[in-house]
Amino acid sequence: MGDSSRQPPRVVIAGGGVAAIEGLIALRELLDGLVAVDLVTPAEDFVYRPLSVAEPFGLTEPRRFPLDAVAADHNAHLRRATVVAVDHEQGLVCLGDGAELPYDALLVAVGARPQEWLHGAVSFAGPDDVGRVRALVEQLDAGAIGSVAFAAPAGLTWTLPVYELALLASAHVGEYERGDVRLTVVSPEPDPLHVFGSAAAQHVRDLCANRGITLRTGTRVTSYADGRLALDPPAEVQADAVIALPRLVGEPIEGLPSGEDGFIPVDEHCAVRGLPGVYAAGDAVAYPVKQGGLATQQADAAAEAIAARLGAALRPQPFRPRLRGQLLTGLGPTYLTAGSTGPGSVESSIDANPLWWPPSKIAGRFLAPYLASQVAISGAAELQERPAVGESAAVDPAAEREEVRRLALWFAEKDAERGEYASAVGWLETIEHLDGLLSPPLSRKRADWSARVG
Ligand SMILES: Cc1cc2nc3c(=O)[nH]c(=O)nc-3n(C[C@H](O)[C@H](O)[C@H](O)COP(=O)(O)OP(=O)(O)OC[C@H]3O[C@@H](n4cnc5c(N)ncnc54)[C@H](O)[C@@H]3O)c2cc1C
């Protein structure tokens with residue numbers, strides 16, 4: 001990369017989601033202006049899916065980030081198109097509009113396709129399904145239905161939203177004083193949030209028990225008809241309505257290998273097996289946990305491998321998964337981490353205070369600070385680990401957060417008094433970022449102020 005008369009090497013990133021944006025920022029951190037990057041996606045916006053679980057309950061608003069701004073912020077060329085094939089011999093990406101793009105390195109981050117699996121259920125895969133769940137919530141509020149089941153599929157998915165939907169529903173019916181509503185969660189996982197370890201499982205069991213939510217783990221739903229869910233091991237649950245998370249499948253691209261369920265096989269540096277120079281990250285790759293935080297870690301590993309391949313002096317680090325999850329409960333969020341600390345040794349933590357900063361639901365090394373910078377919550381360039389409370393007497397995160405929350409609310413109220421509603425809403429978004437969600441009164445205030453933004 002030392003010859004300045006040559007064209008810079010060209011990296012194509014296929015996708016406009018979590019792994020694509022993390023990969024783009026990571027490449028810029030590693031190679032700065034030494035590469036030209038094309039971001040290829042049919043999407044207009046990066047849609048932040050995790051908070052969509054709270055939208056049906058009126059607790060948050062859709063969050064979208066225009067991809068032309070994301071690309072411009074990171075000196076990438078945005079190409080609105082779908083990647084339909086990869087010609088590895090020629091080093092070309094073939095687009096749906098007939099064009100071809102040459103690449104020196106390719107990062108495939110096209111995500112997975114949600115697939116409905118339970119006839120009669122409302123499938124919830126994020127923002128596009130909010131309306132159907134909201135309609136169910138209205139039926140609950142009106143007393144037209146009295147029991148709802150929340151089902152996770154037997155195939156690959158990210159199960160955390162199924163618990164969040166049930167917990168947020170219980171907080172909602174609590175607010176509307178509908179104590180007669182019966183809520184049930186059914187999941188094939190051996191324990192709730194099994195991937196986070198036993199303390200997290202116990203925490204979810206306690207939360208559900210306190211809220212009167214029936215929990216059936218180690219259980220698959222086999223069918224739903226006439227208001228009855230048939231389960232395996234054999235049992236029946238009565239449910240006036242069912243909300244099911246979809247299972248995820250890969251969307252194969254011609255010229256790329258695809259394994260079971262259409263996912264792309266990669267090595268520990270996220271290099272696509274058998275195709276030098278081609279990398280893949282995120283839900284599209286053959287890895288059993290489909291989560292945004294892990295998608296960013298795969299993208300970081302791929303970006304390092306690409307930088308090294310293009311001549312940067314670094315030793316690329318392999319993908320070593322570290323799970324970070326923020327569970328919305330309808331009261332304060334719970335922060336969960338789990339990861340390997342060496343061969344055969346797994347460590348996990350659970351805390352009411354953030355275990356990373358900024359405390360976002362998709363805990364990407366570069367993505368989280370970048371998105372947080374849009375609501376002015378963080379000036380840091382990278383995600384930082386935070387100790388669990390008790391490990392450090394020097395910090396009191398709860399007091400620290402309370403102070404920031406108090407100040408942000410003060411600024412919000414003052415801005416609203418002056419009629420500066422856009423800024424007032426921005427301050428409320430800072431509080432939402434801190435707390436995971438706004439409380440119902442603050443959510444109502446935001447809706448009111450948002451409607452007044454000129
Ligand atoms: C309701 C819900 C809640 C969630 N909560 C959390 C959470 O709390 N924490 C967490 O870490 N994760 C969470 N997740 C999971 C997380 O959203 C995904 O794991 C993550 O988005 C995967 O990132 P990705 O980049 O692989 O795919 P995506 O983010 O899905 O992005 C795929 C991108 O590729 C584009 N694309 C698709 N096909 C092509 C093509 N052929 N050519 C070019 N572009 C293409 C799409 O338009 C899109 O821009 C949640 C998911 C859901 C549905």
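For ligands, and for the atoms within them, numbers begin at 1 and follow the listed sequence. Being a predicted model, the structure only gives us computed values, none of them experimental.
Of the protein's non-hydrogen atoms, Trp158 CD1, 3.6 Å is the one closest to atom 13 (C) of ligand 1. Of the protein's non-hydrogen atoms, the one nearest atom 12 (N) of ligand 1 is Gly292 N, 3.0 Å. Here the heavy atom of the protein found nearest to atom 38 (N) of ligand 1 is Val110 CB, 3.6 Å. The nearest protein atom to atom 26 (O) of ligand 1, hydrogens excluded, is given as Asp283 N, 2.8 Å; this is a heavy-atom distance. The nearest heavy-atom contact from the protein to atom 9 (N) of ligand 1 is Lys361 O, 3.1 Å. Protein heavy atom nearest atom 51 (C) of ligand 1, with residue, atom name and distance: Arg49 CB, 4.5 Å. Scanning the protein for heavy atoms near atom 47 (O) of ligand 1, the closest one is Thr41 OG1, 3.5 Å. Ranking protein heavy atoms by distance to atom 41 (N) of ligand 1, first place goes to Val83 O, 3.0 Å.
Of all non-hydrogen atoms in Arg216 and Thr184, the two that sit nearest each other are CD-CG2, 4.5 Å. Here the shortest heavy-atom pairing between Leu371 and Phe46 reads CD1-CE2, 3.7 Å. The two residues Leu248 and Ala112 have their closest heavy-atom pair at CB-CB, 4.0 Å. Taking each heavy atom of Leu51 and Gly436 in turn, the nearest pair found is CD2-O, 3.4 Å. In terms of heavy atoms, Thr217 sits closest to Pro190 at OG1-O, 3.4 Å.
Note: no N/O pair closer than 3.5 Å links Arg324 and ligand 1 by distance alone. For ligand 1, the polar-atom distance check against Val18 finds a nitrogen or oxygen pair separated by under 3.5 Å. Not a single N or O atom of Thr82, backbone or side chain, sits closer than 3.5 Å to an N or O atom of ligand 1. Between Ala19 and ligand 1, at least one N/O pair is under 3.5 Å apart. Any N or O atom pair closer than 3.5 Å counts here, and Ala363 shares no such pair with ligand 1.
Centroid-to-centroid, the aromatic rings of Phe196 and His203 stay 6.0 Å apart or farther.
Contacts of Val40 with ligand 1, taken as heavy-atom pairs under 4.0 Å, involve the backbone alone. At a heavy-atom cutoff of 4.0 Å, ligand 1 is contacted by the backbone of Ala109 but not by its side chain. At a heavy-atom distance under 4.0 Å, no atom of Pro114 approaches ligand 1.
Within ligand 1, the atoms closer than 4.0 Å to a non-hydrogen atom of Lys290 are 19 (O), numbered from 1 in the order shown. Residue Pro50 has at least one heavy-atom neighbour below 4.0 Å for each of these atoms of ligand 1: 3 (C), 4 (C), 5 (N), 6 (C), 7 (C), 8 (O). The contact set between ligand 1 and Pro161, taken as ligand atoms under 4.0 Å from a residue heavy atom, comprises 2 (C), 3 (C), 4 (C). Of all atoms in ligand 1, listed by their number and element, those nearer than 4.0 Å to a heavy atom of Ala125 are 53 (C). Set against the non-hydrogen atoms of Phe124, the atoms of ligand 1 under 4.0 Å away are 1 (C). Against a heavy-atom cut-off of under 4.0 Å, Gly282 is close to the following atoms of ligand 1: 26 (O). Near Gly16, with a cut-off below 4.0 Å to any heavy atom, the atoms of ligand 1 are 33 (C), 34 (O), 35 (C), 48 (C), 49 (O). Every atom of ligand 1 is numbered from 1 in the order shown, and the set under 4.0 Å from a heavy atom of Pro42 is 43 (C), 44 (N), 45 (C).
Remark: Asp191 engages Arg205 in a salt bridge, criterion side-chain N to carboxylate O under 4.0 Å. For the pair Arg322 and Glu385, the salt-bridge criterion is met [side-chain N within less than 4.0 Å of a carboxylate O]. A salt bridge links Arg79 with Asp97: at least one charged nitrogen is closer than 4.0 Å to a carboxylate oxygen. Between Arg63 and Glu55 there is no salt bridge, since no side-chain nitrogen of the basic residue lies less than 4.0 Å from a carboxylate oxygen of the acidic one.
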- [ ] Determine, stepwise, if the pair Glu164 / Lys361 fulfils salt bridge (charged side-chain N to carboxylate O under 4.0 Å, His left out).
- [x] CA-CA 12 Å; Glu164 295 185 311; Lys361 269 179 88 54; 2.6 Å; yes
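Taking a 6.0 Å sphere around CD of Glu254, one finds it holds 12 or fewer heavy atoms contributed by other residues, nucleotides or ligands. At most 12 non-hydrogen atoms from other residues, nucleotides or ligands lie less than 6.0 angstrom from CZ of Arg220.
Looking at Gly111, Ala112, Pro246, it is Gly111 that brings a heavy atom closest to atom 27 (O) of ligand 1.
For the atom pair CG (Asn75) and CG (Leu24), the distance works out to 9.0 Å, reported to the nearest 0.5 Å.
Aromatic ring pairs are classed by plane angle as parallel below 30°, tilted from 30° to 60° and perpendicular above 60°; the pair Tyr287 and Phe319 is perpendicular.
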